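Structure record follows, encoded as structure tokens.
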Amino acid sequence: MFIGEIASIPLGFLGLTGNKNMATVGVEQLTIARNISYFDETISKEGGCEQYNPITLGGVVLPILGGWDWWPSAGVQRMIIFHKTGLSTGALYRDDGSGTFVTGLSGVMVANNDTYVHFVEAGKEAAANDRKLFIYTGTNQLKVLAGDGVTVSDVATPPADWASEFPLTGDIHDNRQFAAGNGNDPHRVYYTPATDHENFNGSLSIYPGEGEKIVRVKSFRKGRLLVFKNPRGIYMVNTEDPTDTNWTVSRLSQGVGLAGPGALVDIDEDLLFMDPAGYIHLLSAVREYGDFGFQPFSEANGSSMDTFFRDNVRA
């Protein structure tokens with residue numbers, strides 16, 4: 001016969017903390033959390049993985065800088081990767097599901113330690129047109145893979161600004177493709193008509209006196225394109241008017257920006273992004289409070305995750 005009390009153990013339901021002061025860490029926080037999943041409000045081990053390609057690509061033990069699950073048509077699946085092949089070189093490869101990556105989509109491309117690979121699905125502007133995969137690297141001209149092709153080509157009609165400096169980021173927004181991040185005009189966003197996603201015939205200057213450069217454009221909602229700068233500056237382009245000369249640009253924040261083109265993720269009806277100091281923010285908080293006193297999401301519940309990121313992530 002049981003006589004006593006049942007005590008519940010609040011095991012880590014607030015997740016990982018980066019706080020270095022152990023005296024302030026509660027029993028509901030974790031100081032170490034490797035391969036932990038909180039899916040369905042439970043704590044479990046994150047699923048594992050298995051080796052995909054049995055042979056090292058090109059016989060070179062160098063990192064894959066980016067990859068994309070590409071479906072050029074119904075029922076056809078390909079894996080597209082950008083692989084570093086040398087200290088300053090890389091190449092694009094296609095796999096058909098065998099794990100061999102025998103199809104080289106490109107010749108030698110430029111790839112350095114700062115190369116970030118960003119993929120954008122577009123094309124199919126009309127029923128007869130191919131779906132297209134656009135590959136942004138910032139160190140090479142914008143590349144295009146048409147359908148289930150075996151080679152990539154340079155974008156058909158780039159702006160003159162991209163002759164020697166190339167875009168870093170892009171996105172499809174209101175059925176146009178937008179791009180930005182070329183070094184010789186780092187505060188300009190370029191865009192195509194809805195009828196041709198390879199013809200960048202329009203552009204907008206985004207508060208050129210603020211921030212250092214545009215590092216990400218992101219379609220957020222219909223008629224709203226977000227533009228993030230580094231180290232500071234978040235802006236919104238209102239594209240609701242069908243005439244592009246009537247579009248307007250407004251500032252959301254001058255006090256916070258984006259750490260880099262990959263430091264952003266969709267979460268339902270909001271966006272999470274990291275600033276150069278390692279703080280994580282909700283876009284909704286930035287929009288609501290502007291530059292005045294909003295608390296970074298990474299400091300919620302005393303998690304101090306900004307400390308963890310600064311200690312463990314290379315900017």
Side-chain angles (χ1 to χ4, degrees), residues 15-16 36-41 46-47 65-71 77 79-82 116-124 131-138 167-181 189 191 197 206 214-240 249-253 256-290 294-301 303 305-306 308-309 313 315:
L16 179 67
I36 296 291
S37 171
Y38 280 87
F39 187 70
D40 280 342
E41 298 184 359
E46 187 67 64
L65 299 183
W68 195 256
D69 184 20
W70 173 232
W71 294 75
Q77 183 180 17
M79 185 185 295
I80 310 299
I81 66 161
F82 187 92
Y116 172 78
V117 185
H118 181 58
F119 297 88
V120 174
E121 293 186 359
K124 205 64 176 173
R131 296 190 67 202
K132 295 177 179 178
L133 184 64
F134 291 80
I135 301 103
Y136 290 81
T137 61
L168 178 67
T169 176
D171 205 0
I172 289 294
H173 173 71
D174 284 353
N175 207 29
R176 300 172 184 256
Q177 183 165 199
F178 288 76
V189 170
Y191 56 89
H197 293 162
I206 309 294
I214 296 171
V215 293
R216 184 72 182 265
V217 293
K218 174 67 176 175
S219 180
F220 184 52
R221 290 177 180 149
K222 183 174 175 58
R224 299 291 189 272
L225 178 78
L226 297 176
V227 179
F228 292 84
K229 290 187 182 183
N230 178 284
R232 292 178 299 277
I234 305 174
Y235 310 88
M236 182 177 287
V237 182
N238 186 333
T239 62
E240 288 184 310
V249 182
S250 57
R251 181 202 297 129
L252 295 183
S253 175
V256 66
L258 191 66
L264 180 152
V265 65
D266 288 287
I267 53 166
D268 296 329
E269 292 296 311
D270 213 332
L271 291 175
L272 272 177
F273 68 94
M274 180 186 288
D275 70 20
Y279 293 99
I280 295 179
H281 304 269
L282 282 168
L283 180 68
S284 58
V286 175
R287 295 177 67 192
E288 181 176 357
Y289 298 110
F294 58 88
Q295 184 185 38
F297 184 77
S298 53
E299 289 190 336
N301 297 318
S303 65
M305 289 308 298
D306 49 285
F308 174 84
F309 290 124
V313 178

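All figures in this text were calculated on a predicted structure; none of them were measured in a lab. Counting from 1, the numbers follow the sequence of the chain as shown.
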| said: I'd like to know if the side chain of H118 and the backbone of G170 have a donor-acceptor N/O pair within less than 3.5 Å. | reply: yes
* Could you tell me whether a side-chain N or O of R221 sits under 3.5 Å from a main-chain N or O of E269, the two making a donor and an acceptor? => yes
The residue among L264, N230, I234 that forms side chain to side chain contact (heavy atoms under 4.5 Å, CB included) with R216 is L264
Distance col, row L65:CG vs T137:OG1, nearest 0.5 angstrom, shows 10.0 Å
One should read off an interatomic distance between D275 CG and L258 CG, to the nearest 0.5 angstrom, of 8.5 Å
Whether the side chain of K132 engages the backbone of H197 through a donor-acceptor N/O pair (distance < 3.5 Å, no angle test) should be reported. no
_Heavy atoms of other groups near R232 CZ, more than 12 under 6.0 Å_ = no
inquiry  = Could you walk me through whether V117 and I135 satisfy the side-chain contact (heavy atoms from CB on, under 4.5 Å) test, starting with their C-alpha distance in whole Å, then the side-chain angles of each, then the deciding distance to 0.1 Å, before giving a yes or no?
reply    = CA-CA 7 Å; V117 185; I135 301 103; 3.9 Å; yes
### Query
Given the rule in the side-chain hydrogen bond (donor to acceptor under 3.5 Å, both in side chains) test, do W71 and E121 qualify, once you have shown the distances and angles that lead to the verdict?
CA-CA 10 Å; W71 294 75; E121 293 186 359; over 6 Å; no
The reported gap from CZ in F220 to CG in D270 (rounded to nearest 0.5 angstrom) is 5.5 Å
Rounding to 0.5 Å, atoms CZ (F119) and CD1 (I81) come to a distance of 8.5 Å
When rounded to the nearest 0.5 Å, the distance separating CE of M236 from CZ of R224 is 6.0 Å
Practice problem: Walk me through it: do H173 and Y191 pass the test side-chain contact (heavy atoms from CB on, under 4.5 Å)? | Solution: CA-CA 9 Å; H173 173 71; Y191 56 89; over 6 Å; no
To the nearest 0.5 Å, atom CD1 of I214 lies from atom NZ of K229 at 5.5 Å
Between E240 and K222, does any side-chain N to carboxylate O distance fall below 4.0 Å? no
L272 and L282, any side-chain heavy atoms less than 4.5 Å apart
yes
